[in-house]
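Read through the structure below, which is laid out as structure tokens, and then see the notes.
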Amino acid sequence: MATIAKRNREATQEELSLVRSYLLLTFIHKVFERDCRAIGKSGLFKMPQLYMELVSIGAKKTALMLQEVKRELESQNIIISTIRQDQKGVEAQFKCRGIAGEMNIQWPSFRREMTLRMRAYLGLAGEFPILAREESSNPMALSI
């Protein structure tokens with residue numbers, strides 16, 4: 001769960017949700033782009049273009065959603081100034097209507113939501129649910 005610094009009291013749930021979506025979409029888009037390049041370069045697939053197309057569709061959906069979230073952030077006067085990641089999770093510093101705020105999301109929660117969103121963007125939302133133990137035994141290496 002995201003922890004919100006005390007100075008965020010003025011930020012609404014909708015505004016905080018926009019910041020969270022921006023973080024998730026930014027990471028997801030980079031993962032899709034990296035995976036698409038990796039598939040193309042790996043030489044392991046008989047038909048890499050098919051898998052690249054699937055991942056590219058997810059990347060395009062993510063890019064469109066990210067563009068919309070950026071527009072919404074701008075319209076609500078929210079500026080994300082810094083995004084950091086460490087062993088604990090992802091941290092963003094932002095200003096909402098001129099008031100400084102901070103959001104911290106721990107990796108387990110961030111990865112879980114990323115996985116759910118990525119599955120939805122790839123059209124896999126209702127198919128083959130991911131087992132919790134698979135998620136914990138196969139951590140994603142994320143970097144932006």
(message) Holding to side-chain contact (heavy atoms from CB on, under 4.5 Å), I want the full list of residues that pass it with Glu14, two or more places apart in sequence or in another chain.
(response) Thr12, Glu72, Gln76
(request) List for me each residue that meets side-chain contact (heavy atoms from CB on, under 4.5 Å) alongside Lys88, sequence neighbours excluded, and say none if there are none. (result) Asp86, Gln106
(request) State the CZ-CD1 distance between Arg112 and Ile105, to the nearest 0.5 angstrom. (result) 12.0 Å
(request) Using the rule that two of Ile, Leu, Val, Met, Phe, Trp, Tyr join whenever any of their side-chain heavy atoms come within less than 4.5 Å, decide whether Met47 and Ile57 are in one cluster. (result) no
(request) May I ask you to say whether Lys30 pairs ionically with Glu33, meaning some side-chain N is under 4.0 Å from a carboxylate O? (result) no
(message) Applying a strict under-4.5 Å side-chain criterion to I, L, V, M, F, W and Y, I'd like to know whether Ile28 and Leu116 cluster together.
(response) no
(request) For Gly98 and Asn77, work out which heavy atoms get closest and say how close. (result) N-ND2, 4.4 Å
(request) Hey, could you give me the CG/CD distance between Leu54 and Gln49, rounded to the nearest 0.5 Å? (result) 13.0 Å
(message) Could you measure the distance from the SG atom of Cys36 to the CE atom of Met52? Nearest 0.5 Å is fine.
(response) 4.5 Å
(message) Looking at every non-hydrogen atom in both residues, tell me the closest pair between Gln85 and Trp107 and how far apart they are.
(response) CB-CZ2, 3.9 Å
(request) Without swapping roles, check the side chain of Thr115 against the backbone of Arg111 for a donor-acceptor pair under 3.5 Å. (result) yes
(request) Indicate the atoms forming the closest heavy-atom contact of Cys96 with Ile78, along with that distance. (result) SG-CG1, 4.0 Å
(message) Using the rule that Ile, Leu, Val, Met, Phe, Trp and Tyr join whenever any side-chain heavy atoms are under 4.5 Å apart, tell me whether Ile39 and Leu44 fall into a single cluster.
(response) yes
Extract all donor-acceptor atom pairs below 3.5 Å that involve side chains of residues 58-65 and protein atoms in other chains or at least two apart in sequence.
residue : atom : partner : partner atom : Å
Lys61   : NZ   : Tyr121  : O            : 3.1
Thr62   : OG1  : Gly58   : O            : 2.7

(request) Hey, could you give me each pair passing salt bridge (Lys or Arg N to Asp or Glu O under 4.0 Å) that has a residue in residues 36-57? Not counting sequence neighbours. (result) none
(request) Check Ala92 against Val19 and note the closest heavy-atom contact, atom names and distance. (result) CB-CG1, 4.4 Å
(message) Under the criterion salt bridge (Lys or Arg N to Asp or Glu O under 4.0 Å), I'd like the reasoning laid out for Arg71 against Glu74: C-alpha separation, chi angles, the key distance, then a yes or no.
(response) CA-CA 5 Å; Arg71 271 196 290 272; Glu74 187 176 322; over 6 Å; no
(request) State, with a plain yes or no, whether a side-chain heavy atom of Val90 is found less than 4.5 Å away from one of Arg84. (result) no
(request) If the plane angle is over 60° it's perpendicular, under 30° parallel, otherwise tilted; pick one for Phe27 and Phe110. (result) perpendicular
(message) Side chains of Glu15 and Arg97, heavy atoms from C-beta outward: is any pair under 4.5 Å?
(response) yes
(message) Holding to side-chain contact (heavy atoms from CB on, under 4.5 Å), I want the full list of residues that pass it with Tyr22, two or more places apart in sequence or in another chain.
(response) Thr26, Leu66, Val69, Lys70, Leu73, Ile80, Ile83
(message) Taking salt bridge (charged side-chain N to carboxylate O under 4.0 Å, His left out) as the definition, give me every residue that meets it alongside Glu113, ordered by chain and number, with sequence neighbours left out.
(response) Arg20, Arg117
(message) Let me check something: do Leu25 and Ile79 share a hydrophobic cluster, defined by ILVMFWY side-chain heavy atoms less than 4.5 Å apart, either directly or through other members?
(response) no
